Each structure stands twice: as C-alpha cells, then as structure tokens.
Amino acid sequence: MRLSRYFMPTLKEDPKEAQIASHRLMLRSGMIQQSSAGIYSWLPLGHRVLKKIEQIVREEQDKAGAIEILMPTIQSADLWRESNRYDDYGKEMLRIEDRHGRDMLYGPTNEELVTDIFRSHVKSYKDLPLNLYHIQWKFRDEVRPRFGVMRGREFLMKDAYSFDLDYEGAKIAYNRMFVAYLKTYARMGLKAIPLRADTGPIGGDLSHEFIILADTGESEVFYHKDILSLETPEDKDYSADELQAIVDKWTGYYAAADEMHDPDNCPIAKEDLVSRRGIEVGHIFHFGQKYSEPFGASVAGPDGKETLVSMGSYGIGVSRLAGGIIEACHDENGIIWPEAVAPFKVGLINLKSGDDACDAACEDFYGKLQNAGVEVLYDDTRERAGGKFATMDLIGLPWQVTVGPRGLKNGVFEVKNRASGEKEELSAEAALQKLVG
RNA sequence: CGGGGCAUAGCACAGCCUGGUAGUGCGCUCGCUUUGGGAGCGAGAGGUCGCAAGUUCGAAUCUUGCUGCCCCGACCA
C-alpha cells in the first residue's frame with residue numbers, strides 16, 4: 001500500500017479525551033474514530049488489525065473443532081423471555097421496538113439464540129459433541145464506557161457455545177476451548193494467564209477468565225511467577241486426558257484476581273507471588289443445563305431417553321484485544337505491533353520522494369516485497385524525514401526500511417526493528433531476504 | 001447509577017471573572033528556502049463560540065434549561 005493513496009489520518013497531538021495509552025495511540029495512529037460514547041468506526045489501519053485478530057481467533061476455533069456460524073445482532077425479546085433473562089438483564093441491554101411494536105434487542109450475548117438453533121435441529125446424541133461459534137458485534141449499554149475500544153458499548157466478540165450429552169463431555173469441550181485460548185493468545189504474541197473466575201450472572205461452576213498483563217490494566221492480579229514460563233500447547237489434536245493434563249498444569253499455579261485474593265491466606269510463598277495489572281480478554285464458562293432446560297434443548301441418548309444437553313460458552317473480546325495488545329506492546333513513541341497482528345509487516349520509508357535514485361530503489365523494493373507476499377506500507381509522500389520516522393514509530397509496524405540518498409551511495413538500506421530499536425545496513429537483496437518468510 | 005469537570009477552526013488551547021461581534025500553536029493550501037528523527041520565512045483558507053430561551057442598545061462572555069463528551073467511584077467481553 002502506498003501511503004499517498006491510503007487513508008491514515010494520524011494526529012500529532014493527543015486528543016484530550018483519551019487517557020490511556022491504547023486509546024491515545026489508536027486515535028493518533030488513525031485506527032479508529034469515535035462515533036459516540038463507547039462506539040467507534042474502524043479506519044483502515046485499525047480495520048486491518050481487527051481482521052488479523054479475528055482471523056487468528058477463527059483459525060484456532062476451527063482447529064479446536066468449533067464450527068463457525070453467524071447469528072444476527074438484533075434479536076427478538078421473546079427468546080429472552082424464555083430464559084427469563086429479558087427482565088433480569090437490566091439496562092445494559094439495548095431494547096428496541098420495531099414498527100409493529102414488537103420488542104427487539106441488540107444482542108449482548110447469544111446463548112438464547114444458539115440454543116434455539118440447536119433445539120430446532122439436533123435430536124440425537126449422535127450429533128454431539130457440537131460447538132458453534134460466531135464472531136459478531138455485540139452491544140452492552142455500559143453506564144460508563146471508557147478506555148476506547150477496551151470498554152466500549154459496541155464490541156466485536158467471538159462467542160462459542162458447546163453442546164454435550166453430559167458433564168463429562170462438556171468438560172472435554174471446556175478443556176478444548178481452554179487450550180485453544182492459550183494457543184490463540186500466544187499466536188498474538190501475548191502471555192495470557194487463566195484465572196479462576198467468579199461466574200457472575202451467567203452462572204455455572206466451571207469458569208476461567210484469561211487476562212493479559214499490562215501496566216495500565218483495569219484490575220490487579222496475583223499469580224505464581226512460574227506461570228509465565230509455562231509452555232504453550234502444541235498445534236496438535238490432544239486426547240481428552242492430554243487436554244486435562246494441560247489444563248491441570250496451567251491451573252495448578254496460583255492465580256487470582258484482586259477480589260478473589262486474600263493476602264493473609266495466600267497458599268504460596270511471598271517470593272513466588274507476583275502482582276501486576278491485567279486486562280481480561282477472554283472468559284469461558286461451563287453452565288450445564290441453565291439454558292437447555294428452559295429451552296427444552298434435549299437429545300435422545302444411547303438409551304433412547306431424552307436428555308437435556310450440557311452447555312458451555314466461550315468468549316474472546318476481539319475488538320478489546322486490539323486495545324489490549326497495544327496496552328501490552330507500546331513505548332513512548334507509539335505502538336509496537338507483534339508481527340501476527342500488525343497491520344503491515346514492513347514500513348518502507350522513501351526519505352527523498354522525487355529523487356530519481358530513491359524513487360527507483362523504493363519502487364523496485366516495494367514491488368519485490370509485494371511479490372514475495374510481504375505486507376508493506378510504502379511511505380512515498382513528500383513529508384520530511386523526521387515526520388516519516390515519527391509516523392512509522394507511531395503506527396508500530398514491526399520492520400522499517402529506510403531508503404535515502406546517503407545509504408544509496410553505499411548501496412545500502414537501513415532496516416530497523418521497531419521492538420528492539422536495532423538498526424542494520426543491508427543491501428537490497430539482504431534486506432529482502434531478511435523480511436521475506 | 002452517585003460525585004465532579006468540560007464544550008470556542010480538523011487537533012490542543014487562550015479569551016469569559018470585569019459584555020462591544022474571535023485569537024494562538026499544530027495541521028491544511030500556495031510560494032521561496034530547507035531536507036537522515038515531527039524545519040524556517042511569507043501569503044492564504046477555515047469558526048451559526050454545543051443547542052434553546054432569557055437579561056441587555058449589544059452576549060463566546062451574565063442567567064436558566066437541554067444535549068453531548070470526559071474523569072473518579074460502583075459494575076463488565
């Protein structure tokens with residue numbers, strides 16, 4: 001992409017409404033634009049990041065055996081009356097009336113809808129286990145939206161719903177998601193910690209939330225220091241026992257959110273305990289028959305008896321992760337994208353657009369990167385050098401390639417790693433080699 | 001939902017107290033000079049001062065109401 005043809009409205013100064021790093025940087029780098037409180041448009045740069053996160057989540061869900069569907073944002077109140085949540089959910093639910101006076105709502109979650117789909121079509125235990133997920137916009141009318149996309153009212157979320165014949169099956173489904181989550185966050189360059197969670201209004205007796213560490217996190221977490229050195233599960237099909245072993249290993253270490261942590265009764269030694277701030281980026285629940293019962297979601301078991309299915313739900317805040325990753329990965333100059341979610345892998349800086357030698361070298365290199373399938377943002381504008389460097393640092397692409405008259409005299413480009421700040425001078429061929437693959 | 005704050009050009013702000021029809025920096029346009037980490041000079045464009053009522057000869061400025069946004073707390077992917 002040529003910057004001169006792109007739409008990337010960056011800001012030199014901090015918008016005053018943005019207090020935390022990710023919000024500030026997302027606005028300054030032109031990723032998002034606020035539409036109203038807690039509701040954002042995603043501009044090209046932000047949209048690319050959102051899609052990358054979404055795709056990683058999708059791939060890991062698919063690998064874990066979940067099947068993608070897409071349910072609507074607008075739901076009928078009738079379904080929510082069946083589960084009795086229409087009245088219970090409170091003002092967080094955005095209620096809408098259609099022209100016929102029917103009560104509708106903008107879905108804050110999809111247990112009702114997915115259970116309705118399930119009960120309409122699944123009648124036999126032979127069709128289980130089943131795990132359906134979608135990645136869809138949700139709306140929760142938060143009293144006080146804040147922190148940009150981290151705590152918006154409208155947000156993109158992956159939510160999966162598992163259906164099993166019994167608790168044993170449901171637990172396997174739960175563990176499968178647990179492991180998929182560890183892999184998902186690791187792919188994004190994040191270290192996520194599973195915390196035993198309070199099950200809250202959704203209810204249930206098996207639940208974990210996944211948090212990533214960031215100094216600006218919303219809540220304090222306490223954990224055993226060794227949990228950070230645990231190995232991420234491999235990319236393979238684990239047996240039920242293997243899944244359980246992985247979950248046991250990860251949950252064997254102490255990890256607790258502020259409200260669950262009692263400093264006087266902490267089971268681990270002080271020197272092993274670490275306290276940092278965290279951002280919740282996922283939450284998984286087993287809730288058994290909480291919805292299958294009111295919805296009559298049952299299947300015929302092997303014995304011919306109708307059995308209410310045992311369910312769980314598994315959320316990942318996709319749009320929140322965009323902010324969360326920035327909270328975890330930035331410095332005073334801007335964002336430092338992990339490569340897997342970066343909007344582009346390489347930023348190519350032409351220090352002297354209009355200069356024949358610089359233009360030719362850049363055009364050639366730009367074409368080669370593109371042919372090699374490397375996503376590159378080519379700054380071909382007439383902006384001054386300082387401005388170009390500052391913008392590249394701000395938007396945080398993992399690699400910067402600087403092409404200027406000075407380097408060209410010696411036949412070299414400067415290749416800079418945004419994360420480490422390391423720079424090296426390489427020939428065009430060597431630079432290409434380094435950036436491809 | 002309790003408490004507080006803010007609203008003036010695309011962005012950040014001054015002006016308001018003590019009423020007289022709007023200004024600074026950045027950004028934008030044009031020209032010249034510059035050119036390896038957010039340049040300099042010159043010339044421009046851009047504002048129903050959030051909305052509505054009131055007070056007044058006259059309101060960005062004073063009064064009232066409304067709306068929007070932000071912050072602290074209680075609550076959440």
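Residue numbers begin at 1 in each chain, while the letters A, B, ... track the order of the sequences. Everything numeric in this text was worked out from a predicted model, so none of it was measured.
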Q) A:Ser83 and A:Glu112: side-chain donor and acceptor closer than 3.5 Å? A)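 Yes, side-chain donor-acceptor contact under 3.5 Å.
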
Q: Answer yes or no: does a side-chain N or O of A:Gln34 lie under 4.0 Å from OP1 or OP2 of B:C70?
A: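 Yes, within the criterion.
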
Can you give me the N/O atom pairs linking the protein to nucleotides 30-34 of chain B at distances under 3.5 Å, or say none if there are none?
| from | atom 1 | to | atom 2 | distance (Å) |
| --- | --- | --- | --- | --- |
| B:U34 | O2 | A:Arg384 | NH1 | 2.9 |

Test of ring centre spacing under 6.0 Å for [X] and [Y]:
| X | Y | value |
| --- | --- | --- |
| A:His208 | A:Phe178 | yes |
| A:Trp137 | A:Phe155 | no |
| A:Tyr174 | A:His286 | no |

Quick one: side chains of residues 3-12 of chain A, donor-acceptor pairs under 3.5 Å with protein atoms, not counting sequence neighbours, listed by atom name and distance.
| from | atom 1 | to | atom 2 | distance (Å) |
| --- | --- | --- | --- | --- |
| A:Ser4 | OG | A:Asp380 | OD1 | 3.1 |
| A:Ser4 | OG | A:Asp380 | OD2 | 2.7 |

Q) Between A:Ile69 and A:His134, which heavy-atom pair has the shortest distance, and what is it? A)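 Answer, listing the atom of A:Ile69 first, then A:His134: O-CB, 2.9 Å.
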
So [X], base contact, sugar-phosphate only, or nothing? Heavy-atom distance under 4.0 Å.
| X | value |
| --- | --- |
| A:Asp14 | sugar-phosphate |
| A:Gly387 | base |
| A:Arg382 | nothing |

Q.
Strictly by ring pair (Phe, Tyr, Trp, His ring centres under 6.0 Å), give each pair with a member in residues 381-421 of chain A just once, sequence neighbours left out.
A.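 As it turns out, the ring pair (Phe, Tyr, Trp, His ring centres under 6.0 Å) pairs with a partner in residues 381-421 of chain A, which skip direct neighbours, are A:Phe365-A:Phe413.
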
Q) Which residue pairs pass the ring pair (Phe, Tyr, Trp, His ring centres under 6.0 Å) test when at least one of the two sits in residues 310-339 of chain A, sequence neighbours left out? A)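 Of all non-adjacent pairs touching residues 310-339 of chain A, none passes ring pair (Phe, Tyr, Trp, His ring centres under 6.0 Å).
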
(Q) Rounding to an integer number of angstrom, what distance separates B:U21 and B:G4 when you compare their C1' atoms? (A)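 Approximately 33 Å lies between the C1' atom of B:U21 and that of B:G4.
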
Q) In whole Å, what separates the C1' atom of B:G36 from that of B:A9? A)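 Here B:G36 and B:A9 have their C1' atoms 34 Å from each other.
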
Among [options], which nucleotide sits nearest the side chain of [X]?
| X | options | answer |
| --- | --- | --- |
| A:Thr402 | B:G37, B:A77, B:G36 | B:G36 |
| A:Val143 | B:C69, B:C1, B:C76 | B:C1 |
| A:Ala390 | B:G38, B:C11, B:C75 | B:G38 |

**Q.** Residue list, ring-ring contact (aromatic ring centres under 6.0 Å, His included) with A:Tyr161, at least two apart or on another chain
**A.**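 Expected list: none.
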
Q: Both distances under 3.5 Å, Watson-Crick or G-U wobble: report the partner of B:C1, or none.
A: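 B:G73 is the nucleotide pairing with B:C1.
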
Atom pairs, N/O to N/O, protein against nucleotides 6-8 of chain B, distance under 3.5 Å?
| from | atom 1 | to | atom 2 | distance (Å) |
| --- | --- | --- | --- | --- |
| B:C6 | O2' | A:Lys16 | NZ | 3.3 |

